[in-house]
Amino acid sequence: MSTLVPGEGAALTTDGSVAAWTDRYTGAVMDTFGPPQRVLVRGEGAYVWDADGTRYLDLLAGIAVNALGHAHPTLTAAVSAQLGTLGHVSNFFGTPTQIALAETLLRIAEAPEGSRVFFTNSGTEALEAAFKMTRRVPTSDGAGTRTRVLALEGAFHGRSMGALALTAKEAYRAPFEPLPGGVEHLPFGDLAALEAAFTPQAVAERGEVAALVVEPVQGEAGVRPLPPGYLAAARRLTRAHGALLVLDEVQTGVGRCGTWFAYQQPEVGSGIVPDVVTVAKGLGGGFPVGAVVAYGDAARLIGRGQHGSTFGGNPVAAAAALATLGVIERDGLLANVREVGTLLRQEIELCGSPLVKEVRGRGLLLAVVLNRPVAPQVAAAALDAGFVVNAVAPDAIRLAPPLILTAEQAADAARFFASLQPAQFPEDPA
Ligand SMILES: *Cc1c(COP(=O)(O)O)cnc(C)c1O
């Protein structure tokens with residue numbers, strides 16, 4: 001008998017080799033990602049196993065998602081208990097988990113009185129909501145609303161039409177134009193360019209700025225931290241001109257950089273208070289959930305009936321996020337990120353491989369920069385050696401391991417980088 005219920009019958013067993021599953025994948029899943037590097041069947045802590053039984057140290061955590069690693073017992077229990085109690089109710093109703101999560105997010109964001117949370121299911125949806133908020137910023141004369149939004153070159157804010165308009169990469173944008181208008185991409189980290197966007201002449205030509213949307217560390221662009229002082233200057237300028245400062249912490253938030261949000265580090269945010277922060281990736285520890293934290297007055301830009309989501313704030317997703325934040329706090333994982341992140345970085349910097357140029361990033365969001373553009377080949381070699389990493393740029397390997405990574409596991413990762421020999425990776429393999 002064949003059944004669609006996992007564990008009952010043939011249809012959903014995990015039997016079969018990686019090769020056989022890869023064939024089935026390409027025959028059934030739309031080709032937007034290319035063939036999978038492996039088909040994975042199981043995870044525990046910082047490790048995953050493929051369908052052939054091979055184990056990998058997961059140094060990517062589902063792209064900065066699996067904050068607690070895989071199959072964490074507290075997360076598993078919280079999700080199971082919530083699903084067995086009340087799985088979904090729609091936003092006609094509230095649930096204790098959703099309310100508690102909103103309160104917890106406001107607490108860890110150190111958000112002032114009047115701040116509020118909007119729940120989404122992904123990062124791109126959080127940016128969509130934030131984008132809509134920017135369209136509600138009034139002009140100085142109070143007669144209308146602003147439509148001019150600043151973002152940075154190299155920015156990645158998601159793939160839905162609004163989020164894509166904020167994303168800089170031409171290859172992602174071009175096939176889908178026209179995108180929502182009014183977005184200008186400024187040179188990365190360039191304060192003079194930012195100031196120029198607010199001059200009376202720029203305002204006369206293109207209108208008042210509604211918002212600046214930035215990632216404290218650009219993730220998809222190759223783990224590029226903004227230069228020190230940039231966010232403080234951005235805060236001064238946006239505040240002086242009545243524009244919003246929107247921080248996209250979808251990748252950097254939830255402890256990834258060693259504090260709840262990256263901007264909370266003095267070296268990153270200089271003590272600023274943003275207007276809007278978007279979160280997703282690590283928030284549910286692997287369960288899809290996102291959120292927009294709107295600080296102070298920004299919480300009232302969007303009112304009743306102006307935005308919504310059927311699944312947003314779903315109690316199971318909220319339970320997953322509460323459990324994830326709870327374990328990070330209970331187990332001191334922010335400190336672990338800072339300690340193990342520093343170790344990982346130092347050990348790779350000192351690993352001695354002539355292929356490794358430098359390591360950049362914050363906490364456990366790092367890029368190993370190579371001396372030549374062979375990151376895809378290095379990532380493939382890593383997989384063959386039992387490490388999941390990501391070629392985020394032609395010359396950069398991204399590491400975003402679970403926040404539970406141990407010093408021993410960091411040392412294992414560094415040993416892989418130490419083993420890299422330039423001769424293995426010819427610059428022009430042709
Ligand atoms: C991943 C990412 C997004 C998009 O999130 P999805 O959950 O993939 O939709 C947006 N912004 C940043 C900074 C990201 O890293």
Side-chain angles (χ1 to χ4, degrees), residues 30 32-33 60-67 118-134 149-169 172-173 176 179-180 183 185 188-189 211-226 230-231 234 245-257 260-263 268-269 274 276-293 309 311-314 317 320-321 324 361-367 390-393 396 398-401:
M30 191 182 290
T32 59
F33 301 105
L60 188 60
I63 317 185
V65 166
N66 301 95
F118 179 83
F119 287 114
T120 71
N121 314 289
S122 68
T124 202
E125 287 168 81
L127 268 298
E128 240 11 86
F131 196 173
K132 285 178 78 172
M133 292 170 68
T134 72
V149 178
L150 310 176
L152 299 189
E153 287 172 2
F156 183 83
H157 298 296
R159 306 286 207 124
S160 58
M161 295 299 266
L164 187 56
L166 298 168
T167 292
K169 195 168 173 170
Y172 293 169
R173 301 166 56 91
F176 303 104
L179 299 170
V183 181
H185 288 97
F188 176 80
L212 168 68
V213 183
V214 283
E215 303 155 84
V217 178
Q218 284 192 338
E220 300 308 304
V223 188
R224 293 201 295 176
L226 276 174
Y230 188 91
L231 283 183
L245 178 61
V246 179
L247 300 184
D248 183 355
E249 294 239 20
V250 165
Q251 190 155 163
T252 52
V254 195
R256 172 65 42 203
C257 294
W260 284 118
F261 300 101
Y263 82 85
V268 179
V276 177
V277 171
T278 53
V279 224
K281 290 198 166 84
L283 182 57
F287 205 91
V289 53
V292 179
V293 182
S309 163
F311 290 122
N314 165 287
T324 302
R362 291 208 159 261
L364 284 175
L365 180 59
L366 298 171
N390 164 244
V392 70
R398 170 170 49 182
L399 306 179

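This structure is a prediction, so every number in the text was calculated from the model and none was measured. Only heavy atoms go into these numbers, but all of them, side chains included; no hydrogens, no water, no symmetry mates. We count ligands from 1, going down the list as the structure has it; atoms in each ligand are counted the same way.
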Task: Qualifying residue for side-chain contact (heavy atoms from CB on, under 4.5 Å) with L152, from H185, E215, Q218 - done: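 For L152, the side-chain contact (heavy atoms from CB on, under 4.5 Å) check succeeds only for Q218.
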
Under 3.5 Å: N/O of [X] near N/O of ligand 1:
X    : answer
T124 : yes
K281 : yes
Q251 : yes
A280 : no

Strictly distance-based, threshold 3.5 Å: is any side-chain N or O of [X] a donor or acceptor partner for the main-chain N or O of [Y]?
X    : Y    : result
R256 : L364 : yes
E128 : G162 : yes
R173 : A165 : yes
E249 : Y263 : yes
T167 : G158 : yes
T252 : A262 : no

What atoms of ligand 1 come closer than 4.0 angstrom to any heavy atom of [X]?
X    : result
S122 : 7 (O), 9 (O)
D248 : 10 (C), 11 (N), 12 (C), 13 (C)
H157 : 10 (C), 11 (N)
E215 : 13 (C)

Task: Heavy atom of protein closer than 4.0 angstrom to atom 6 (P) of ligand 1 - done: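 Yes; the ligand atom in question has protein heavy-atom contact below 4.0 Å.
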
Task: Pick from V214, V213, V250: the one approaching atom 3 (C) of ligand 1 most closely through a non-hydrogen atom - done: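 Going through V214, V213, V250 one by one, V250 has the nearest heavy atom to atom 3 (C) of ligand 1.
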
